[in-house]
Amino acid sequence: MIERWEPRRIPLSVRLVPLLLLLAGAVAAQPIRPGVELPATPDERPSGPPVRLEATVLDADTGDPLAGATAQVQGTTIGTSANGEGRLTLDVPATPATVVVRFVGYASAQVPLSEADAADGVVRRTIRLSPAPYVLGEVTVTDEPPGEVLWRRLLARRQQLASTIQAYAGEAYSRFLLLRDGVTDVRPVGIGLEETVSNLSWVATAGLREEVVARRRRPFGGPFKWARMGPFPDLYFEDVLLLDGVPIPSPTRADALRYYAFRIGETIETDGLRYLDLAVIPRRSGLLSGRIRIVDSLLVIAEADLRVDPGPRGGPVDDFDASYHWTYAPSDASPVLGDSLWLPGQFEREGTVTVNMPGYRVPTVRFRQTSVMDYTIPGYAGQALSLRQRYRNPRSAYEGYEVFRTGRAAVPLDSLESAVDASEWVRQSELAELLRPQEGVGIGLFGLTLRGGVEGEDDD
């Protein structure tokens, strides 16, 4: 029986804390280039006493209660939702603060709270939300499916955010696992493990750029040319996604509705926010399909599960199948944007590739990549170019650190990855040797003539 593996779902906040500490030290070792202006952050945090908000949320036109309306303390994950009578209670840890109240199909409201508003520590409010139908400028769309009307609004919001921030930079830790899964293998056999630490920067006029600072690969030598470590793509801001070497139009490009249809699915409420799932339906072959979850009222991506139709890739590749998962998180941005800027925090891809080389037997190979990004800095007007080259010498920023140790603490190795990392067999073997089946026909068919075919050149 084949032992199947699943990517671990460790909360992003837990995984990134150790990585943040390392990268913060790295930045301290390598100061930011002269001339880079970072977003201003308030020197003072709310220091007043906590208060409790007791509110009733109503429709401004009819006076009906809005059951399920959400309230969130701006800039935090503290939130709650209204009961069947539109009533909610929210404990605010410090004042002054602003509570954002939202409901699907209504304009959101901001409720400022201060110590002076409280009577015996409680602030009581009646909050009236006005209906806000999905519109494009002054024109209400009636014949288009609601999912596509909503997606047009997301595209407009994306363009607005891109023109506001213009750039962002961050740092990533990535890990890539290769498994041999041939018909003669009792279970998947680990044959490769690669780790990288990268500097990432996105500029509205140039797209996403990733610079590898450090790399570790087992076995030594070049990667498996048909499945290798890929870049960290941004589903929200990029027009074209490079996935496994294939450029694919992004569902968030300005003309996305030429390529994709969108249908509204499930509604989810958690942590004081309401999320909408949209089915992504390609209008032709070779595009992405799956699900994208957006934050209602903020119109940003929170999560996505997408894939491309499996099939041959040409040449010796008989079959290639891959799926991709993105997770986004609120960015610590300026007061101008509040909590409305969400940037990629994690990217995962996994799949299989089957290669057919005449005269040789290459087993099916599985692959899995996990990448996490942290220490994200958004840039505004005039900062785009400087954020592309934040470091004078990125490699020396990590001098004296065992750079992968902290990344592994943030994203712990599972049993398969640990076995590959500790294996002397993997460390000392050539990739062609590792691809040999455990038993059966074909053992003697690998040799020097195949090594040039299964290994690519080192991309350090």
Side-chain angles (χ1 to χ4, degrees), residues 1-23 171-182 185-198 212 214-220 223-224 226-233 243-244 303-307 320-329 344-353 363-374 401-429 431 434-435 437-438:
M1 175 178 291
I2 294 176
E3 178 183 274
R4 299 196 175 274
W5 45 268
E6 295 291 339
R8 293 190 174 195
R9 299 292 185 188
I10 302 172
L12 184 61
S13 59
V14 174
R15 290 184 292 186
L16 294 185
V17 168
L19 183 60
L20 174 60
L21 295 176
L22 171 65
L23 296 177
E171 294 167 338
Y173 166 78
S174 297
R175 188 162 64 240
F176 184 75
L177 175 69
L178 275 178
L179 297 169
R180 187 185 69 207
D181 192 16
D185 292 319
V186 176
R187 59 179 59 87
V189 179
I191 60 172
L193 185 69
E194 181 178 348
E195 296 171 280
T196 62
V197 171
S198 308
V212 175
R215 185 192 308 275
R216 182 183 188 185
R217 182 182 288 134
R218 295 174 186 254
F220 301 113
F224 183 60
W226 296 292
R228 58 196 298 178
M229 180 86 80
F232 196 133
L243 300 174
D244 290 295
E303 190 177 341
D305 287 291
L306 300 170
R307 63 177 303 179
F320 189 94
D321 187 13
S323 60
Y324 311 95
H325 178 82
W326 287 264
T327 302
Y328 282 69
Q346 180 172 336
F347 170 66
E348 297 169 278
R349 56 186 271 262
E350 59 179 296
T352 60
V353 58
T364 296
V365 173
R366 298 189 193 188
F367 58 90
R368 179 180 69 195
Q369 175 179 339
T370 302
S371 301
V372 291
M373 185 169 77
D374 194 29
Y401 290 96
E402 206 296 281
V403 63
F404 301 110
R405 179 180 59 195
T406 303
R408 290 179 174 197
V411 188
L413 278 70
D414 64 16
S415 58
L416 285 168
E417 292 167 332
S418 297
V420 176
D421 185 58
S423 172
E424 288 296 324
W425 173 63
V426 172
R427 185 178 309 185
Q428 299 177 10
S429 299
L431 187 56
L434 297 171
L435 281 168
Q438 288 181 323

Discussion item. Between Glu194 and Arg215, is the salt bridge (charged side-chain N to carboxylate O under 4.0 Å, His left out) condition met? List the steps.
Written reply: CA-CA 7 Å; Glu194 181 178 348; Arg215 185 192 308 275; 2.5 Å; yes
Next on the checklist: Tell me if a side-chain donor or acceptor on Trp326 pairs with a main-chain N or O of Pro233 at a distance below 3.5 Å.
Outcome noted: yes
Contacts of Arg175 meeting salt bridge (Lys or Arg N to Asp or Glu O under 4.0 Å) (sequence neighbours excluded), chain-then-number -> Glu417
Residues Phe347 and Pro231: closest non-hydrogen pair is CE2-O, 3.9 Å
Answer whether the closest heavy-atom distance between the side chains of Val197 and Glu171 falls below 4.5 Å.
no
One should read off an interatomic distance between Thr370 OG1 and Glu195 CD, to the nearest 0.5 angstrom, of 11.5 Å
Quiz prompt | Worked check of side-chain contact (heavy atoms from CB on, under 4.5 Å) between Phe367 and Arg228 | solution = CA-CA 8 Å; Phe367 58 90; Arg228 58 196 298 178; over 6 Å; no
Here the pair of heavy atoms bringing Ala172 nearest to Phe232 is CB-CD1, 4.1 Å
Residues at least two apart in sequence or cross-chain that pass side chain to side chain donor-acceptor pair (under 3.5 Å) with Arg216, listed by chain then number, are none
Only one of Leu179, Leu178, Asp414 passes side chain to side chain contact (heavy atoms under 4.5 Å, CB included) with Arg368, and that residue is Asp414
Tyr324 meets the ring-ring contact (aromatic ring centres under 6.0 Å, His included) criterion, sequence neighbours left out, with none
Here the gap from Asp305 atom CG to Glu348 atom CD, rounded to the nearest 0.5 Å, amounts to 9.0 Å
Sorted by chain and residue number, the side chain to side chain donor-acceptor pair (under 3.5 Å) partners of Ser371 (sequence neighbours excluded) come out as Ser174, Gln369
Those residues at least two apart in sequence (or on a different chain) that pass salt bridge (Lys or Arg N to Asp or Glu O under 4.0 Å) with Asp244 are Arg349
Notebook entry, point to check: Are side-chain heavy atoms of Arg217 and Met229 found at a separation under 4.5 Å?
Noted result: no
Without swapping roles, check the side chain of His325 against the backbone of Ala304 for a donor-acceptor pair under 3.5 Å. yes
Hits for side-chain contact (heavy atoms from CB on, under 4.5 Å) against Val420, two or more places apart or cross-chain, chain-then-number order -> Leu177, Leu193, Val426
